[in-house]
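Everything on this sheet refers to the single structure shown next.
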Amino acid sequence: MDEEGLASLKKWFLGYCRSFYTSREEDNRNIRLKEEHTEQVCAFMDILTLDLGLDPGERRLAGVVALLHDVGRFEQYRCYGTFRDSESENHGTLGVRVLTGEGVLDGLAPEERRMILGGVALHNVFRIPDAIDGPARRLLHLVRDADKLDIWRVFLEFYGLPPEEQASAVGLGFPDLPVCTPGVVETVMRGELVNLATLKTLSDFKLLQLSWVFDLNFAVSRRLVVERNYVEQMAATLPPGEDAARVVAFVREYLARSG
Ligand SMILES: [Fe+2]
């Protein structure tokens, strides 16, 4: 990936985002949120790839995957009015369809195109298929870490806003109850990722987000979680009680141990 290729994709993406703004402030808030998220994921990607010492071409390719990973979100919101994949469709697959349909990657070498589409398609899967290895797998590891690092920011900001200022499609529709489901707590306490399908409340969703630390692939990513104070900020939004406190202590300890 050369400098020119990256610049032209950035330009395309900007124009593409712009085409989704409407006269409805609620819609615009949701679109803006994804546009800003993309910018921040790109910024995190830069930090990760610099820290890992990738060469400039690899860094630009990773930058393109960061730029395009959520390209399906815009069409998803326009068609279905939600960011919830289970109520609409998988936004990774949708992203691939958008990129292919718009011919965005047509000028690239087939191998680069394959890597980028693979990155977009699989950035959000629960588990990366074993068959994916080598540079394609590393690209996925990178985009999944960069994505999570910014989703924490998005949600922490969301939890801190009064309801009338929250982007409506972010909360994913879980009831905001001060209750943690026992099965969800136990999953995190085993050091495992929580599956979205097992959640009942917004508190469960916060536990799921804490469980993402187990899925981070690079020490630099775990360091960023600590630096940005994400666990402590998330802890402050959890309901009082032993369950939440146990989970937070466990996650904190995990980060200290694996740093
Ligand atoms: Fe994302």
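Start at 1 and go down the list; that is how both ligands and their atoms are numbered. Being a predicted model, the structure only gives us computed values, none of them experimental. Reckoned from all heavy atoms, side chains included, excluding hydrogens, waters and symmetry mates.
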Practice item. Sort out for me which residue in Trp212, Trp152, Phe155 forms a ring pair (Phe, Tyr, Trp, His ring centres under 6.0 Å) with Tyr230. Key: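 Per the ring pair (Phe, Tyr, Trp, His ring centres under 6.0 Å) rule, the option paired with Tyr230 is Trp152, out of Trp212, Trp152, Phe155.
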Check your understanding: Which N, O or S atom name in Asp147 marks its closest approach to the Fe ion (ligand 1)?
Key -> OD1
Check your understanding: In Asp70, the N, O or S atom nearest to the Fe ion (ligand 1) is which?
Key ->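 For Asp70, the N/O/S atom sitting closest to the Fe ion (ligand 1) is OD2.
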Practice item. Classify the angle between the aromatic ring planes of Phe83 and Tyr77 as parallel (below 30°), tilted (30 to 60°) or perpendicular (above 60°). Key: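 Geometry flag for Tyr77 against Phe83: tilted rings.
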**Study point:** For the student: nearest non-hydrogen atoms of Cys17 and Phe74, plus distance
**Key:**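 The answer is SG-CZ, 3.6 Å.
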Review point. Has His37 got an N, O or S atom lying less than 2.8 Å from the Fe ion (ligand 1)?
Key: yes
Check your understanding: Considering residues, nucleotides and ligands other than Glu242, do more than 12 of their heavy atoms fall under 6.0 Å from its CD?
Key -> no
